[in-house]
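Structure, as structure tokens:
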Amino acid sequence: MSFPSACCNTPPVVANYTTKGEYGKLGDYDCYFAGKKGSKRGLFINYDVFGFHPNVLQLCDILGGLGFYVLLPDLLRGVPLTMADLGKPKVLEEFMRTAGSWDASKGAFVQGLEHLRNSGATSVGIIGFCWGGRHVVTALEKLDGFVGGAIVHPAMVNSDDFDKVRAPLMALPSKDEDKQMYKNGFEELKAKPFGAQCRLESFEDMTHGFCGARGDWSDPVVAKRANDAIQFLVSFFDGLMPK
């Protein structure tokens, strides 16, 4: 039995990182681009509420180095939340009504899909972290054109969301997410025509945010598990996107 290529070829995350991609514009959105433009495989990334964090940029570069053309738009337009904001319910409620709402981000998803296709991608997937995972399940319900989506330590995903998605879904919840809800949700997904392509991989040893802005990648245990998550993502999209 051989190791999966994602395991063998995915470079490890590091704590002190210098980006390899490029910054640019998509409409009026500032964006980070990684990988080779012209790749047949495109990925749209929705970061967590902390915006352009080095961990997320590094993840984009890793995926770009593995053959994907990656687009990370600054959906929060340079005004991410802070750790202090997370302890203020009214701030979070206002965020979800305004900058963090689907209505505020939908246009970027539509533009991003079009850009990736116009750049040569014949298949496009989406990945979301924390709040970004909420947008992924909404996009898989309301938009056509994405071959599948992955949600990493997702937030604000509800039990009735699983029945609404219309493309393969992967979830990588941490120990802080509702384990039973995801187990039940993926049982529902099995009944869909694409059910066999859906995957649930739980990280019961990791806290929420380990693969995003709150991940301390100077800790070798956290770094290893973040790399495990990236390998799962690569394997999932390898199965959906022809090279």
Side-chain angles (χ1 to χ4, degrees), residues 1-14 34-35 41-48 55-68 70 72 123-130 132-137 139-140 146-155 157 161-162 165 167-179 181-183 185-187 189-190 194-217 219-243:
M1 180 181 295
S2 62
F3 287 98
S5 61
C7 180
C8 298
N9 300 325
T10 304
V13 299
V14 296
R41 305 192 298 166
L43 287 174
F44 182 104
I45 310 294
N46 193 159
Y47 53 36
D48 59 27
N55 287 3
V56 180
L57 299 178
Q58 182 177 171
L59 184 142
C60 290
D61 285 344
I62 290 173
L63 293 172
L66 293 172
F68 299 94
V70 182
L72 173 70
S123 53
V124 178
I126 42 176
I127 302 173
F129 301 82
C130 181
R134 169 66 263 169
H135 279 357
V136 167
V137 295
L140 293 184
F146 292 108
V147 299
I151 53 179
V152 186
H153 40 71
V157 174
D161 287 319
F162 300 97
V165 300
L169 178 69
M170 168 181 261
L172 305 178
S174 73
K175 68 178 183 180
D176 296 317
E177 279 75 65
D178 187 335
K179 180 179 180 179
M181 183 189 75
Y182 282 95
K183 182 178 179 181
F186 274 76
E187 284 297 318
L189 287 174
K190 286 181 181 179
F194 51 81
Q197 296 172 291
C198 296
R199 292 180 61 180
L200 173 63
E201 301 287 350
S202 297
F203 285 73
E204 292 293 322
D205 57 335
M206 288 288 109
T207 58
H208 179 82
F210 77 95
C211 204
R214 283 187 279 191
D216 179 7
W217 291 358
D219 182 330
V221 175
V222 179
K224 178 186 182 303
R225 295 300 275 152
N227 211 61
D228 290 342
I230 295 170
Q231 290 169 6
F232 282 132
L233 292 171
V234 172
S235 176
F236 175 67
F237 286 109
D238 276 350
L240 298 179
M241 299 179 175
K243 294 185 179 180

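Residue Met206 comes nearest to Val222 through the heavy atom pair SD-CA, 4.2 Å, listed as atom of the first residue, atom of the second, then distance. Nearest approach of Pro154 to Tyr182, heavy atoms of both residues: CG-OH, 2.8 Å. Annotation for Pro173 and Glu201: closest pair CD-O, 3.4 Å, computed over non-hydrogen atoms. A pairwise comparison of heavy atoms in Pro168 and Val147 identifies CD-O, 3.2 Å as the closest pair. The shortest non-hydrogen separation linking Ala229 to Leu172 is O-CD1, 3.8 Å. Closest approach of Thr207 to Asp176, counting heavy atoms only: CA-OD2, 3.3 Å.
Between Leu72 atom CG and Phe44 atom CZ the span is 8.5 Å, to the nearest 0.5 Å. Note that CG of Asp238 is 11.0 Å distant from CG of Leu233, once rounded to the nearest 0.5 Å. Note that CG of Leu57 and CD1 of Ile62 are 11.5 Å apart. Values are rounded to the nearest 0.5 Å. Once rounded to the nearest 0.5 Å, the distance linking CG of Leu189 with CG of Leu200 reads 9.5 Å. Rounding to the nearest 0.5 Å gives a distance of 8.0 Å between CG of Asp228 and CZ of Phe210.
Residues Phe194 and Leu169 are not in side-chain contact: their nearest non-hydrogen atoms beyond the backbone lie 4.5 Å or more apart. By the 4.5 Å heavy-atom criterion applied to side chains, Lys190 and Cys198 are not counted as neighbours. The closest side-chain heavy-atom distance from Ile126 to Leu140 is below 4.5 Å. Ser123 has its side chain out of reach of Leu240: every pair of non-hydrogen atoms, C-beta onward, lies at least 4.5 Å apart. Between Asp161 and Val165 the shortest side-chain heavy-atom distance does not fall below 4.5 Å.
One N or O on the side chain of Asn55 and one on the backbone of Gly215 form a donor-acceptor pair closer than 3.5 Å. Between the side chain of Trp217 and the backbone N or O of Lys224 there is no donor-acceptor pair closer than 3.5 Å. Of the possible donor and acceptor atoms, none in the side chain of His135 sits under 3.5 Å from a partner among the backbone N and O of Gly128. Side-chain atoms of Ser202 do not come within 3.5 Å of backbone N or O of Glu204 as any donor-acceptor pair.
In summary, the side chains of His153 and Glu177 do not present any donor paired with an acceptor at a separation below 3.5 Å, with no hydrogens or angles considered.
Checked options Leu63, Leu43, Leu66; the residue passing with Phe237 is Leu43 (criterion: side chain to side chain contact (heavy atoms under 4.5 Å, CB included)).
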